[in-house]
Structures are given as C-alpha cells and as structure tokens.
Number of protein chains: 2
Amino acid sequence: MTQFNETELTAAVIRSFDDTPDPRAKFLLQELVKSLHDYVSKTGLTFEEWEYAIDFLTRTGQKCTPIRQEFILLSDVLGVSMLVDAVNHREREGATETTVLGPFYVGEHKVMPHGTDVSANLPGERMFVQSRVTDLQGKPLANVPVDIWHADDEGYYDSQRPTYATEGPSSRARFVTDADGRFFFRTILPCSYPIPTDGPVGEMIIQTRRHAMRPAHVHFLVNAPGYEPLITHVFMDGDKYLDSDVVFGVKDELVARIEKRTDALMPDGKPAEVPWHLMTYEFHMKPGQGAAPKPMAAKAQEHA
Amino acid sequence: MTQFNETELTAAVIRSFDDTPDPRAKFLLQELVKSLHDYVSKTGLTFEEWEYAIDFLTRTGQKCTPIRQEFILLSDVLGVSMLVDAVNHREREGATETTVLGPFYVGEHKVMPHGTDVSANLPGERMFVQSRVTDLQGKPLANVPVDIWHADDEGYYDSQRPTYATEGPSSRARFVTDADGRFFFRTILPCSYPIPTDGPVGEMIIQTRRHAMRPAHVHFLVNAPGYEPLITHVFMDGDKYLDSDVVFGVKDELVARIEKRTDALMPDGKPAEVPWHLMTYEFHMKPGQGAAPKPMAAKAQEHA
C-alpha cells in the first residue's frame, strides 16, 4: 500500500498531477508542489504557523470585493507582482518600463475629452499632464485608449471612499490619443500614501515594522492594438519614498520631474487661476500582443 | 536610487523584512519571499497565470464559511497538510500515527454518553466502535475528551447538509474516556466520498483529471492534558481508495479491519437488531504539549 509518509509524500503528490491534460498547467502545479513542500520541510513549519497561514489567506480572500483586491496587495508587498512584471518584460528595446497594476484598477473608465479636470472637486495643488503615445521609432499612435488613475490629496483612491458608490469615479478616467498620439488632462498633484492597512496585508506590514508608503505617482494603462499593453506609473521626482516603495514599483526611467509653473495660461491655452505643476511624459509602445488586465469587477461577474 | 529590477528585486524584498521583531516570523517571511520568487523565475510565470492565481486564491478565501474551510482543502489536496503533519511528528516512539484534520472539524462537539448512536437517524449499515486511550506503556488515560466525526452513507458530513443549521450535528460527538481509558459508541459504517468539488479546489481536481475520493474513515481528535493532541483517522480496510486518497492521508497503521458480526448483543450488552460491524482501535498518546486545533467558527469569532 502507498504510505504517504514524509519521504514518499512529495513524490506521490507530484505523481497525482501526471494526467493533467494541459502540459503547462501540469508543469506549474508540479513545480508548485515542489516549492511548497520544500518550504514546509526547510522551515519545519509548525501546526500553529500552518493554521496562521490558512487563517491569513482566508481573511485575505474575504477582504476582497469588486473594488478591493487584497491578494494583489499581498503579491505586491512580497515583490511577486514586480517579479512577474520583470520576467515578462526582459527585453524592453527602448519601450517604456512597466510596473505593477496595483489593487485599485477597477476598470470601466469613462472616456473624457482632452483637457478635462479629472479631480475637479478635490482640494490639492493643480497639475496639467501632457503626454504622447508613440511606437519605438517615435511614430505617434492615434486612437489609443489610455486609462489613468491616481490617489487624492489625502492618499486615497476614489474607490476607497465611502462616497464612491453614489458619486462615481474621481481622479480616474480614460483618454483616447489624437491623430498626433497626444492626450492631456488636468488633475491635482497626487501624494505619497499608505497602502490600506485595515486588512491582513496591512497587519503583516505593521507587525514586520515595514512602512506602508508608496511614493506619489499616476497610474497609466496604455492599450494600443498590435502593441503590448503598457501598465505603468509615472512617479513624482523628489518623493521621499522613491527608494523604499512598499510594493517595489519604482524604476528610474519612470520618475518624472514635475515643473512648478506660474504661467497665466496652461498648455491648451486655457487660463490657470493659481500656480500649477506640469507633468510631461511620453509612452513608447513595444509591438506585440497581450490582453489588458481585466478589472476585478468583471472577474467577479464571470464567476457570478 | 534603488532600482527594483529583476536582479535586485528579490534582495530588496528580503531586506524589507530585516526589522521584523520576531526572529521566527522574519525567517519564515524571508524564506517565503525566496520560495515565491524562485517559483516565478523558474516558471517564467505569465501575467495571465498570475491573474489566474490571484483569482483562484480570492475565490478560495471567499468559499470559506464558519463550517467550510476551502484553504485547508487546498492545503490537503496539495499534500501540504500531510507534510506539516509529518515534519511535526517525526518521532512517534510507538504513539498512534497522525493524519490531516480535514476541513470538516467544526468544533464544539457535544459530550454524549458512551454507547450513544451518533447516527441514529441515518440510513446505513450499523457499526459499533470500541476504543481505548492509553499512554505509550499501555496505561489507560481517564477523563480524556475524544472528538469523533465522519461522513454519512452518501459521503456527506452533517455540516455539508442544508439541514445542519436547524437539525444540529449528526455523526459528530465528543466522548470522555472512563477510568479504564475506554469509550464506545454506535454509528453507521462511513463511506468513501468525494471532497467538495463545487469550489475552486474541486475545479482544480477535475481539470487535472485527479479523482476527488477519500477512502472511508472516522476522524478522531484525542486531547489528553500532558500529551500531544492526537489528530487522526481510522480507515476501513478494503476501501478501493486507500492507495490514492485525494488528500494523501492514509498510513498503514491507521487502517483497521472492520469485523462483520451477527451476534444478537453488541459489546455493551444491548441488543443488535440487524447484522452489524465492529471497529476496535486503540490510541496511544505521546507525552508532550500542544494546543488542539481551534474550530474555524472560533477563529471567525476572534476576528469579528
């Protein structure tokens, strides 16, 4: 009889996946078994630790909602998201660097006209963002949808606010590039902010004495047909957390100098009422395929 | 500036846990980072696979309730639960072998008098279970609470039935050993049964062409003060799934020959109305400490 003792167990579990029809799934699962078993053996994991892990993972799943993804947050703070990003973008060939999607992409961004103030009702220093999407040779790409989202002046995303359900999105929009590959919009200067610490991931960050801060940034998701979807941030130069981002998302090339301006007119010729900031950043797209990430709400519906 | 690229990322994430006050937690987290990163690098995990994993883990958490623990089930079918059991029970010194707790321990078992028919209302072949709890020298241990639970004639635990909330437990009880270390009860012969396949874990089992069956068994949790809590099953000899238990829980020593009997009286002197089965099994306890596992409902309350 098969004895599932310590010496034979791992081999038996690996064998149990031998008939998996999809060879990639079989490989991933058998490697997963090896990794998990190696971890348990190497650490001599106790029952109490195993129970803690089961409970932690359960609570992480139960903290997720259509607008909050605690497992992505866990993947982020363990550097797994950035590593997945890295192994899938080894050759950039001059294309803009990528970074994590983060847990606050809720999808369904509404298309807005260029120049829109996406944070019209929010307090904060005003910022004008001008950008262009090109291929690797600098040829402008027209009609490309670009989703943007960022935190407010207090470090919260719209979806974290109790008012989200009634008031709808804020600091979150889609723009479509013009014939010259350009798009531009108004918003506020985003702030560095803590990831949510009211869930299991926050518990871990606090208990391990890490700080929970992300340096200020704007998220961009550029999805041009015939090009790899570009998921990235643009960071504000000078932020004190650039070197210790809690989700390890910073790359030098993604840090933009934000100019302080006092010009009476913004770049689109409309009046500026107060001193403002100018962010200028171009995105260079790499030819290829790939689906843009689905927002969590869409996933929730798939399984509903 | 710190560049969180592929070569520096893992080291940066490991460093981020350097200030963890608890040295064991620090070790477990830093080893976890190494294992996870090694897995992602080795497999070249794609975004789609990462997204699948995030979604799978989320749904696994969300399938959990106070009476269903899908993450324990996941740990079970990946052989992780049995390995944790093995690394924590390397030296048995004659003590009864251990196996997985399983996801159906809901705790709060009600103490019943010896001889009780714990499956009184259920169809199935009748079985009399007689048992004794001793130390490693065979000295009987008195006043020891023993939780027992098993599946019914159709392979379901009481907690899986919609009637559980109104009708309460069935085939689930606590007995307390007498001065001679003995306890006994009536029940039905349990059946081999599939683990629940209506959740993410079942999906994985089906998609990988594994079978979902567990060989027939009765769960025992023996919790004597001054001894290691004993979490085990007793399996029915002859079951066709003994060699391929979906959760890898079988050990030779835990397989009991179940005698078919036609005696008119059962071992406690009371009449048997139909042919019956006799299970005889003794539990030998190892001196030591350790807390019995908390039922999931109690855990849910801790975090409420």
Side-chain angles (χ1 to χ4, degrees), chain A residues 1-6 9-10 12-13 16-17 19-21 28-29 31-33 35-47 49-51 54-55 57-62 64 71-72 75 78-80 82-84 86-88 208-210 242-243 248-252 293 299 303, chain B residues 1-6 9-10 12-13 16-17 19-21 28-29 31-33 35-47 49-51 54-55 57-62 64 71-72 75 78-80 82-84 86-88 208-210 242-243 248-252 293 299 303:
Chain A
M1 181 185 303
T2 304
Q3 275 282 81
F4 300 128
N5 58 24
E6 190 175 349
L9 179 63
T10 304
V13 182
S16 77
F17 287 107
D19 294 335
T20 304
L28 289 176
L29 283 163
E31 289 297 325
L32 179 66
V33 172
S35 283
L36 286 171
H37 284 225
D38 185 52
Y39 180 78
V40 170
S41 294
K42 184 167 56 182
T43 60
L45 199 70
T46 69
F47 278 109
E49 290 159 354
W50 173 82
E51 273 191 31
I54 293 286
D55 181 56
L57 292 167
T58 303
R59 289 188 293 125
T60 300
Q62 299 198 333
C64 297
F71 263 117
I72 291 186
S75 168
L78 294 175
V80 171
M82 274 306 279
L83 187 62
V84 172
V87 301
N88 285 283
T208 58
R209 304 287 190 274
R210 287 175 57 176
L242 284 173
D243 282 347
F248 311 96
V250 181
K251 293 173 177 172
D252 283 349
K299 286 196 171 292
H303 295 291
Chain B
M1 181 184 305
T2 304
Q3 276 283 82
F4 301 127
N5 58 24
E6 191 175 349
L9 179 61
T10 305
V13 182
S16 76
F17 288 107
D19 294 336
T20 305
L28 289 175
L29 284 163
E31 290 297 325
L32 178 66
V33 171
S35 282
L36 287 171
H37 283 226
D38 186 52
Y39 180 78
V40 170
S41 295
K42 184 167 55 182
T43 60
L45 200 70
T46 69
F47 278 110
E49 290 159 354
W50 174 82
E51 273 192 30
I54 294 286
D55 180 55
L57 292 168
T58 303
R59 290 188 293 124
T60 300
Q62 298 198 334
C64 298
F71 264 117
I72 291 186
S75 168
L78 293 175
V80 171
M82 274 307 280
L83 187 62
V84 171
V87 301
N88 285 283
T208 58
R209 305 286 190 274
R210 287 175 57 176
L242 285 173
D243 282 348
F248 311 96
V250 181
K251 293 173 178 173
D252 282 350
K299 284 196 171 296
H303 294 292

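What you see is a predicted model, and the numbers here were worked out from it, not measured in a lab. In what follows, every chain begins at residue 1, and chains take the letters A, B, ... in the order their sequences are listed.
- Put simply, the side chain of B/L78 reaches to within 4.5 Å of the side chain of A/F17, judged on heavy atoms.
- Interface summary for chain B: among A/G44, A/P21, A/S35, the most heavy-atom pairs under 4.5 angstrom belong to A/P21.
- Minimum interatomic distance between B/A12 and A/F248 (heavy atoms only, all atoms of both residues): O-CE2, 3.8 Å.
- Contact between A/N88 and B/L45 at its shortest, heavy atoms only, is ND2-O, 2.7 Å.
- Contact between B/Y39 and A/L32 at its shortest, heavy atoms only, is CE1-N, 3.4 Å.
- How far CD1 of A/I72 is from CG of B/L57: 11.0 Å, rounded to the nearest 0.5 Å.
- Judged as a side chain to side chain contact (heavy atoms under 4.5 Å, CB included), and not counting sequence neighbours, the contacts of B/T58 are A/C64, A/Q69, A/F71, B/I54, B/Q62.
- Considering every non-hydrogen atom in both B/V13 and A/G79, the closest pair reads CG2-CA, 3.7 Å.
- For the options A/V33, A/V80, A/L28, A/L29, heavy-atom pairs under 4.5 Å to chain B are most numerous at A/L28.
- In this structure, B/D19 has no salt bridge (charged side-chain N to carboxylate O under 4.0 Å, His left out) partners at least two apart in sequence or on a different chain.
- Proximity to chain B is limited to the side chain of A/S75, based on heavy atoms less than 4.5 angstrom apart.
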